[in-house]
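One structure is given here, and the rest of the page talks about it.
Per chain, numbering begins at 1; letters A, B, ... match sequence-line order. In what follows, every heavy atom counts, from backbone to side chain, and hydrogens, waters and symmetry copies are set aside.
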Protein chains: 2
Amino acid sequence: MATMTAAQRRERARHAYNAYVAECPSRQVLDAISDKWVTLVLTALADGPLRYGELAPRIAGVSQKMLTQTLRRLERDGLLTRTITPTVPVRVDYELTALGETILPVVVAIKQWSEAHITEIHAARDTYDERAGD
Amino acid sequence: MATMTAAQRRERARHAYNAYVAECPSRQVLDAISDKWVTLVLTALADGPLRYGELAPRIAGVSQKMLTQTLRRLERDGLLTRTITPTVPVRVDYELTALGETILPVVVAIKQWSEAHITEIHAARDTYDERAGD
DNA sequence: CGGAATCCTTTCCGATACTG
DNA sequence: CAGTATCGGAAAGGATTCCG
């Protein structure tokens, strides 16, 4: 009777967590945008549509896999559109939707806060690490 | 001569990436707050200091490990303080610093956007998934 | 009470190779 | 050009146990 107890409890916990997530909008969106690449893609598209090949170099450090994955997720969530022009070679443009543009102020707010307080954070880290070094 | 080529390139890539991150404040902060638990802890502490035991149940789904890890990181970044009262049993309080409070508006903005647009996101997902089902 | 340490599973993600 | 498919290492994170 004790068999699978751990797994069972894990399952129940998973369901409880999912249920919680399901009823909490901000948690869901948080999961969606709490992603490094998501915010970077959104800001990259802020000035207008870009092709895949233009997008990639503007987001230093992103792999092709992560970029594609991020773009697909954002398309699914209705934050951007993916337009294929069947020329040879093919051309694909990504553009923010109206919904996608409404989130830009939030992303900008994050960026502004970052630039305004990064020095304080660095100072705090130095102090903290110094104490640990004693 | 070809040995370790992949690993070497990976190392170089890692350094290039880190260098980029090092000179971009918003990227650094983004890494710091692009974390589900970070924002949740910050909002939980918005109304005043809380003990560890009070904090945990307010953030459903968080494990003790993740909560502690998140709190340590936020303490290191100077966003909150950790106060130990050496009674028996010990009592630990967490409280936002002045710096920590300055980020609350940003977190609130995220929350408000989420609640305002979650319906549209759900609709977009349904449409997208429906097309995929054809 | 508020953790730290360990184990172990799951998920992430980069690298590589191939395609319309 | 703009992807898809697959694999393997690295990292995240949950469960459990032990400690001041």
Side-chain angles (χ1 to χ4, degrees), chain A residues 2 4-18 20 31 34-38 40-41 49-75 80-95 132, chain B residues 2-18 20 31-32 34-38 40-41 49-75 80-95 132:
Chain A
M4 291 288 294
T5 308
Q8 281 173 352
R9 250 177 302 163
R10 197 186 305 168
E11 260 321 289
R12 274 217 290 167
R14 180 187 300 273
H15 288 142
Y17 176 76
N18 285 342
Y20 179 85
D31 283 345
S34 280
D35 184 293
K36 190 167 53 176
W37 306 126
V38 164
L40 292 170
V41 166
L50 287 177
R51 298 180 61 173
Y52 183 90
E54 295 169 330
L55 210 42
R58 296 195 185 207
I59 305 174
V62 73
S63 68
Q64 165 255 16
K65 179 180 177 178
M66 280 303 98
L67 180 55
T68 300
Q69 198 176 97
T70 304
L71 289 168
R72 287 292 180 285
R73 184 159 5 129
L74 291 174
E75 184 195 4
L80 55 80
T81 57
R82 177 169 177 261
T83 309
I84 305 169
T85 310
T87 51
V88 178
V90 69
R91 172 192 176 115
V92 181
D93 286 272
Y94 292 93
E95 182 172 15
Chain B
T3 8
M4 292 287 294
T5 308
Q8 280 173 353
R9 251 177 302 163
R10 196 186 304 167
E11 259 319 291
R12 275 217 290 170
R14 180 188 298 274
H15 288 141
Y17 176 75
N18 284 340
Y20 179 85
D31 283 345
S34 278
D35 184 293
K36 190 166 56 178
W37 306 127
V38 164
L40 292 169
V41 165
L50 288 176
R51 298 181 60 174
Y52 182 91
E54 295 170 330
L55 210 43
R58 296 195 185 204
I59 306 176
V62 72
S63 68
Q64 173 242 7
K65 180 180 177 177
M66 280 303 97
L67 181 55
T68 300
Q69 197 175 101
T70 303
L71 289 168
R72 285 293 182 284
R73 185 164 359 135
L74 291 174
E75 185 197 2
L80 55 79
T81 57
R82 178 169 176 260
T83 310
I84 306 169
T85 310
T87 50
V88 178
V90 69
R91 171 192 177 116
V92 180
D93 286 273
Y94 291 92
E95 182 171 16

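- In this structure, CD1 of B/Ile84 is placed 20 Å from P of D/dC19, rounded to the nearest angstrom.
- Considering only heavy atoms from C-beta on, A/Leu80 comes within 4.5 Å of A/Val41 through its side chain.
- Straight-line distance from the CE atom of A/Met66 to the P atom of D/dA10: 17 Å, rounded to whole Å.
- Rounded to an integer number of Å, the gap from B/Trp37 CH2 to D/dA12 C1' is 13 Å.
- Computed from coordinates, the A/Glu75 CD to D/dA2 P distance equals 15 Å when rounded to whole Å.
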Worksheet item: After noting the C-alpha distance and the side-chain angles of A/Tyr52 and A/Arg82, does the key distance pass the side chain to side chain contact (heavy atoms under 4.5 Å, CB included) rule?
Response: CA-CA 10 Å; A/Tyr52 183 90; A/Arg82 177 169 177 261; over 6 Å; no

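- In terms of heavy atoms, B/Tyr94 sits closest to B/Val92 at CE1-CG1, 3.7 Å.
- Each of A/Leu55, A/Val38, A/Ile59 was checked for a side chain to side chain contact (heavy atoms under 4.5 Å, CB included) with A/Thr70, and the lone residue meeting it is A/Val38.
- Minimum heavy-atom separation, B/Val90 to B/Arg51: O-NH2, 4.0 Å.
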Polar pairs (N or O, both sides) under 3.5 Å between protein and nucleotides 1-3 of chain C?
{"from": "C/dC1", "atom 1": "O3'", "to": "B/Arg51", "atom 2": "NH2", "distance (Å)": "3.2"}
{"from": "C/dG2", "atom 1": "OP1", "to": "B/Arg51", "atom 2": "NE", "distance (Å)": "3.1"}
{"from": "C/dG2", "atom 1": "OP1", "to": "B/Arg51", "atom 2": "NH2", "distance (Å)": "3.3"}
{"from": "C/dG2", "atom 1": "OP2", "to": "B/Gly53", "atom 2": "N", "distance (Å)": "2.9"}
{"from": "C/dG3", "atom 1": "OP1", "to": "B/Arg72", "atom 2": "NH2", "distance (Å)": "3.3"}
{"from": "C/dG3", "atom 1": "OP1", "to": "B/Arg82", "atom 2": "NE", "distance (Å)": "3.1"}
{"from": "C/dG3", "atom 1": "OP1", "to": "B/Arg82", "atom 2": "NH2", "distance (Å)": "2.6"}
{"from": "C/dG3", "atom 1": "OP1", "to": "B/Tyr94", "atom 2": "OH", "distance (Å)": "3.3"}
{"from": "C/dG3", "atom 1": "OP2", "to": "B/Tyr94", "atom 2": "OH", "distance (Å)": "2.7"}
{"from": "C/dG3", "atom 1": "O3'", "to": "B/Arg72", "atom 2": "NH2", "distance (Å)": "3.4"}
{"from": "C/dG3", "atom 1": "N7", "to": "B/Gln64", "atom 2": "NE2", "distance (Å)": "2.7"}

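- As rounded to whole Å, 10 Å separates atom P of C/dC12 from atom NZ of B/Lys36.
- Comparing B/Gln69 and A/Lys65 along DNA chain D, the residue whose closest nucleotide (by nearest heavy atom) sits nearer the 5' end is A/Lys65.
- Between A/Ile84 and A/Pro86 the shortest heavy-atom distance is O-CD, 3.6 Å.
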